[in-house]
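Worksheet for the structure shown next.
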Amino acid sequence: MITIFAESITDRRLLERLLADLGPGCAFRVIHADGRDAARPLARTHLAIAHQPVALVMDAETTDTARIMQLQRDLEDYFLWVSQGVPFRVVQFIPEVEVVFFHHPEVLRRFLGDRLDKHAVVAGRFAPRAVLEELLQGSSLTELIERLTEEDLEELRKHETVAELRSFVESSDVHSLAVSSRSA
């Protein structure tokens, strides 16, 4: 079983929905922590004690490529120290997991209608959570996630970072995966 650690309840629920269609051979669970500072040690401890594959899904909180790459290296080293050959993956959404909606604005447009214009889409790629909060006026991110149709989910699954996570989970022989992924 692969355990996926997410930073928040809404991240957990979105990831569950994005992975829900994976076949019966893909055993996974998503656990939320209270922020990135809680998710990192929880994931590392699980990897060290359970000796089962782990994915840490987190917000990069920046679009600065050098900072993202450095954080990726640091986190991979942090996990490698205890992995003992058990596969793990550090998956960073740049800058935040909600960016998937702004890379596939047709999904948001179905939910928001005219409130989503091209300026909001551009801004959402740099500050997705803040832009979504502004656009959702009266609705919540949780409501948006729950109202996603299968068609919406299929579109969001095309996002590169979602595809990376799905590939890790889908791997039928997870133990043949590389110990880490050095791509950011």
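Because the structure is predicted, anything quoted here is derived from the model rather than measured.
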Next item on the list: With side-chain contact (heavy atoms from CB on, under 4.5 Å) as the test, would you mind laying out the steps for Phe168 and Val91 before giving the verdict?
Entry: CA-CA 10 Å; Phe168 181 68; Val91 178; over 6 Å; no
Margin query: Test side-chain contact (heavy atoms from CB on, under 4.5 Å) on Asp21 and Leu153; report intermediate values, then the result.
Written below: CA-CA 10 Å; Asp21 68 318; Leu153 291 166; over 6 Å; no
Next item on the list: Would you sort out whether Leu71 and Ile68 count as a side-chain contact (heavy atoms from CB on, under 4.5 Å), showing the intermediate values?
Entry: CA-CA 5 Å; Leu71 180 59; Ile68 292 164; 5.9 Å; no
Note to self: Would Leu75 and Met58 count as a side-chain contact (heavy atoms from CB on, under 4.5 Å) here? Give the steps.
What the structure shows: CA-CA 11 Å; Leu75 287 170; Met58 57 185 291; 3.2 Å; yes
Notebook entry, point to check: Given the rule in the salt bridge (charged side-chain N to carboxylate O under 4.0 Å, His left out) test, do Arg129 and Asp59 qualify, once you have shown the distances and angles that lead to the verdict?
Noted result: CA-CA 11 Å; Arg129 190 173 300 125; Asp59 298 333; 2.5 Å; yes
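Val82 and Val86 fall within a single hydrophobic cluster, where Ile, Leu, Val, Met, Phe, Trp and Tyr are joined by side-chain heavy atoms under 4.5 Å apart, directly or via other members. Residues Leu22 and Val100 share a single hydrophobic cluster, defined by chaining ILVMFWY side chains whose heavy atoms lie under 4.5 Å apart. Hydrophobic clustering, with ILVMFWY side chains joined whenever heavy atoms are under 4.5 angstrom apart, groups Ile31 together with Leu56. Ile4 is not connected to Ile9 by any chain of hydrophobic side-chain contacts under 4.5 Å among Ile, Leu, Val, Met, Phe, Trp and Tyr, and they are in different clusters. A continuous path of Ile, Leu, Val, Met, Phe, Trp and Tyr side chains, each step under 4.5 Å between heavy atoms, connects Leu116 with Leu156, placing both in one hydrophobic cluster.
For Arg67 and Gln70, the side-chain atoms include no donor-acceptor pair closer than 3.5 Å. Residues His32 and Ser8 bring no donor and acceptor atom of their side chains to less than 3.5 Å of each other.
A distance of 12.5 Å separates CD of Glu133 from OG of Ser139, quoted to the nearest 0.5 Å. The line from CG of Leu132 to CZ of Phe102 is 4.0 Å long, rounded to the nearest 0.5 Å. Distance check: Phe93 CZ to Glu98 CD gives 9.5 Å after rounding to the nearest 0.5 Å. To the nearest 0.5 angstrom, Gln92 atom CD is 4.5 Å from Gln72 atom CD. Between atom CG of residue Leu18 and atom OG1 of residue Thr161 there is a gap of 11.5 Å, rounded to the nearest 0.5 Å. Rounding to the nearest 0.5 angstrom, the gap separating the CG atom in Leu148 from the CG atom in Leu144 is 5.0 Å.
Ion pairing of Glu146 with Arg13 is present here, as a side-chain N (NZ or NE/NH1/NH2) and a carboxylate O approach within less than 4.0 Å. We find that Asp152 and Arg17 are not joined by a salt bridge, their nearest charged nitrogen and carboxylate oxygen being 4.0 Å or further apart. A salt bridge between Glu61 and Arg36 is present, with a side-chain N of the basic residue lying under 4.0 Å from a carboxylate O of the acidic one. Of the charged side-chain nitrogens involved, at least one lies within less than 4.0 Å of a carboxylate oxygen, so that Glu150 and Arg157 count as a salt-bridged pair. Under the 4.0 Å criterion applied to side-chain N and carboxylate O atoms, Glu151 and Arg110 are assigned as salt-bridge partners.
Between Thr65 and Ile94 there is no side-chain heavy-atom pair separated by less than 4.5 Å. When side chains are defined from C-beta on, Val99 counts as touching His103, because their heavy atoms get closer than 4.5 Å. Residues Leu15 and Leu165 are in side-chain contact: their nearest non-hydrogen atoms beyond the backbone lie under 4.5 Å apart. Contact check for Gln137 versus Arg115: side-chain heavy atoms found under the 4.5 Å cut-off. When side chains are defined from C-beta on, Pro105 counts as touching Val121, because their heavy atoms get closer than 4.5 Å.
Relative to the ring axis of Tyr78, Arg44 places its NZ or CZ within 45° and under 6.0 Å from the centre.
Across Ala120 and Val131, no two heavy atoms sit closer than the pair O-CG1, 3.7 Å. The nearest pair of heavy atoms linking Asp11 to Ala6 is CB-CB, 4.0 Å. Across Glu96 and Ala127, no two heavy atoms sit closer than the pair OE1-C, 4.2 Å.
Judged by distance alone, with hydrogens and angles left aside, the side-chain atoms of Ser167 form no donor-acceptor pair with the main-chain N or O of Glu164 at under 3.5 Å.
Residue-environment remark: CZ (Phe111) exceeds the threshold of 12 foreign heavy atoms within 6.0 Å.
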